[in-house]
Amino acid sequence: MAENTVSTGSTAGNGLTEVQQQAVTHLDGPLLVLAGPGSGKTTVVTHRIAHLVQQGIPPWHILALTFTNKAAGEMRERIETLLPDEQHHQRGLTVCTFHSFCARLLRRYAEFADLSPQYTIYDAADQRDAIKKSLSSVELNSKNWTPASIGGAISNAKNQLLDAEAYAAQAGDFYTRTIAKVYTAYQNLLHQNNALDFDDLLLISAKLLSQQDEVCHELRMRYQYLLVDEYQDTNHTQFIIAHMLAAEHQNICVVGDPDQSIYGWRGADIRNILEFEEHFPKAKVIALGENFRSTSYILQVADEIIQHNQLRKHKELFTNLGEGEKPQMVTCVDEHHEAEMIIDEFRRRHENDSIAWKDMAVLYRINALSRVLENVFRQEGIPYVIARGTAFYERKEIKDALAYLRFLANPQDNLTLNRIINVPTRGIGKTSWNRVEVNAQRNQMSMWQAMLQAGRIDGLSPRAIKALTAFSKMVSHWHSILETSDSKPQEDPVIHAGQFADLVERVIRESGLEGMHQQQKNEEDQQRLANLAELVSAAAEFSYPFQDELAEMNSDTPLAEQSVDNPEKMQANLPPLRMQLQAYLESVALVSDADAIDPSLGAVTLMTLHAAKGLEYEVIAMAGMEEGLLPHMNSMVEDSKMEEERRLCFVGITRAKRSLLLTQAGTRTLRGKREPTIPSRFLRECSADTIMRADFSEDHGGDDYLDTPMTHTSRERQADCDVSAGEFPVGCMVRHPKFGVGRVEGVMRRARGSTARIYFESVGLKTLVLAYAKLTPLS
DNA sequence: CTGGTCATTTTTTTT
DNA sequence: AAATGACCAG
């Protein structure tokens with residue numbers, strides 16, 4: 001096989017190692033690639049897909065499933081560079097996340113899954129609302145039964161392939177029986193609203209594949225080569241989907257690293273990867289051990305820590321990139337000081353080592369830590385971005401606008417209608433709306449249908465009827481726009497592309513959302529208006545992502561038989577407005593935080609450890625290395641959870657290519673309470689030889705720092721420091737405002753500027769940052 | 001029916 | 001520290 005590859009010229013000379021090459025050139029049959037951090041996993045995956053295509057396998061027979069949209073996009077791009085594009089080699093190739101694959105599957109085969117293809121995808125917030133509603137319909141007080149815990153239980157059930165019925169059947173004790181009741185009510189509610197939650201996308205797809213032989217067969221024919229990335233983070237449902245697809249041809253290649261499994265809490269089952277060889281006895285296993293990312297000390301720290309996991313197969317981690325610098329562990333006064341220390345380090349790397357801002361990242365366990373960091377980054381004028389892909393879509397005005405669009409796409413969605421019915425206020429209050437709801441329930445119809453005959457509803461004031469009629473007239477008009485587009489195929493793609501943005505703009509204007517913010521001229525409303533405008537331009541830029549599939553659906557010839565040389569044919573019909581709307585809403589519903597990372601912004605990235613999976617940076621800072629944060633408080637009781645925290649720590653550390661800074665705040669204010677902290681146990685798990693430690697939590701004269709935190713910027717401190725470094729040679733005597741007279745034992749030009757080890761008569765040996773400690777030289 | 005204020009509450013990570 | 005929810009006045 002290896003000879004084969006070389007002759008194609010696709011992979012030869014690309015700098016792949018022997019083992020990587022083996023993984024790339026494996027053609028048929030199950031393949032497990034155990035890919036340690038930085039082992040060139042993405043390279044292998046992309047080369048492998050390119051290799052398959054060059055071996056003559058049509059791209060539309062290949063399906064690659066990834067964890068995030070970002071990963072999918074990158075993979076697509078890299079494959080593109082590997083294949084000569086004049087041949088449209090990647091046409092028909094499917095690279096996407098599990099969730100978007102399933103979402104599309106369910107639209108296409110909706111009838112087989114007892115669904116309407118217009119279904120809405122509910123996000124976490126919608127899900128919460130729906131659970132609340134179900135709770136009240138089952139008449140439970142939500143004191144003991146929080147939506148969060150119920151939601152978690154339902155999600156777990158779905159991840160184990162248990163639908164409401166199956167769950168109820170196996171429910172034994174009071175607790176599970178209660179959950180079963182809510183689960184059933186919740187599922188009925190979703191069905192009534194023609195909505196699916198994230199887990200449903202997977203669960204229903206899995207059921208579709210196992211229960212509809214024809215559909216399953218069709219999909220097996222279509223996707224003859226399956227590739228699953230980040231396999232260690234797949235859950236049971238995803239496992240079933242992958243297995244159903246691969247059962248016959250067995251051409252399944254999974255890639256992952258058990259040491260980087262960090263989504264157990266969300267149902268990911270690490271056994272999927274550990275027991276792959278049992279599920280596919282003929283599997284070939286290839287282990288990629290060599291690390292091409294990090295220098296040796298960084299890797300050693302990661303290794304020392306991960307070795308403390310008991311439930312783990314040992315794996316050699318090695319690199320040829322040289323020793324590098326030792327990672328640094330720094331204890332700071334509090335979170336503000338911590339942020340400044342990180343920024344000092346980053347600025348030094350930027351100025352002295354010419355490392356671009358985009359090659360640096362700060363990682364933390366919980367999002368709450370980003371706030372302080374963000375403030376200090378802004379203060380110091382350092383460009384930064386927070387990896388929160390969903391942030392934009394969580395703004396009220398955007399959610400409102402999207403709710404209108406969602407309702408437009410799926411008029412059965414009462415929950416969404418409920419959100420917009422009186423936004424902006426149009427005189428439809430609680431009581432009137434309740435009457436509509438009661439009426440809808442009595443007549444077994446959606447609230448939208450009930451609204452259309454508002455005149456017949458008892459007890460409504462003429463005023464309320466008028467308001468309701470006005471609203472339904474407005475929406476009906478939008479519907480007619482969609483219907484016009486449905487019935488006539490678009491001939492001019494350019495005009496058509498603009499039509500979607502026009503629709504969005506029209507909805508924002510005619511719904512009154514725009515006017516709502518135009519009235520007041522305060523800063524906040526200005527921003528909201530700007531956000532709404534941004535939504536319109538995002539809609540203008542949105543391009544329908546499933547051209548290939550659409551061509552396949554519209555044409556009588558299956559894609560496989562269409563001429564590859566005739567791409568114009570595929571471009572001829574752009575999707576009707578409705579499909580574009582659906583695809584847009586789908587893409588919005590499935591964005592992830594990591595999707596927001598855009599290196600071209602030239603900014604430092606701030607993100608959670610989870611979002612950092614799969615990424616790499618020259619310089620990494622990990623903030624909040626404290627007991628209760630990492631490992632997180634809620635993971636401390638169970639061993640398996642603790643091990644996952646350790647893996648999380650491992651993932652963070654192994655993101656760093658050259659420089660790693662771990663920080664702890666001596667005291668931290670969380671939820672408005674300031675409390676002293678204890679250093680993370682993970683720090684105790686690595687030896688003094690591999691990590692440099694410094695404690696600045698008390699020695700730099702708390703007075704200076706606490707009294708005038710803002711008058712002294714870090715830049716000034718840095719300047720101070722550079723001047724002072726020369727002023728304190730070893731052996732020199734100094735005076736410290738708090739500790740008195742001392743003797744300089746050593747000066748280190750390390751990390752965040754120079755530090756000195758000084759022996760004081762009063763307190764003994766201390767390590768001080770010259771920039772902070774107000775030292776006076778005594779000649 | 002609307003829009004304020006006050007009190008209470010935060011389970012970590014997310015498709 | 002911030003966000004939700006309950007409650008109340010207009």
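Every value quoted in this text rests on a predicted model; they were computed, and no experiment measured them. Residue numbers start from 1 in every chain, and the chains themselves are labelled A, B, ... in the order their sequence lines are given, proteins ahead of strands.
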Query raised in the report: Which is true for A:Ser432 with a 4.0 Å heavy-atom rule: it touches a base, it touches only sugar-phosphate, or it touches nothing?
Result: sugar-phosphate
**Report entry** Residue closer to the 5' end of DNA chain B, A:Phe67 versus A:Thr431 (nearest nucleotide)
**Finding:** A:Thr431
Requested in this report: Pick base, sugar-phosphate or nothing for A:Asn69, based on heavy-atom distances below 4.0 Å to the nucleic acid.
Outcome: nothing
Report task. Just call it for A:Arg463: base, sugar-phosphate, or nothing, with non-hydrogen atoms closer than 4.0 Å on any strand. Result -> nothing
Query raised in the report: Using a cut-off of 4.0 Å on non-hydrogen atoms, how would the nucleic acid contact of A:Lys673 be classed: base, sugar-phosphate, or nothing?
Result: nothing
Query raised in the report: CG of A:Leu63 to CD1 of A:Ile252: how many Å apart, nearest 0.5 Å?
Result: 10.0 Å
Query - B:dT15 pyrimidine/purine six-ring stacking with A:His99, under 5.5 Å and 30° - result: no
Requested in this report: Quick one: label A:Asp233 by what it contacts on the DNA or RNA (base, sugar-phosphate, nothing), any heavy atom closer than 4.0 Å.
Outcome: nothing
Query raised in the report: For B:dT12, does OP1 or OP2 lie under 4.0 Å from any side-chain N or O of A:Asn367?
Result: no
Report task. Would you kindly say whether A:Tyr263 and A:Asp269 are connected by a side-chain donor-acceptor distance under 3.5 Å? Result -> no
Query raised in the report: Relative to the 5' end of DNA chain B, which residue comes earlier, A:Glu645 or A:Phe198, by the nucleotide with the nearest heavy atom?
Result: A:Glu645
Query raised in the report: Quick one: is A:Lys613 getting a side-chain N or O under 4.0 Å of the B:dT15 phosphate, OP1 or OP2?
Result: no
Report task. Give A:Tyr263 one of three labels, base, sugar-phosphate or nothing, depending on what nucleic acid heavy atoms sit under 4.0 Å from its own. Result -> sugar-phosphate
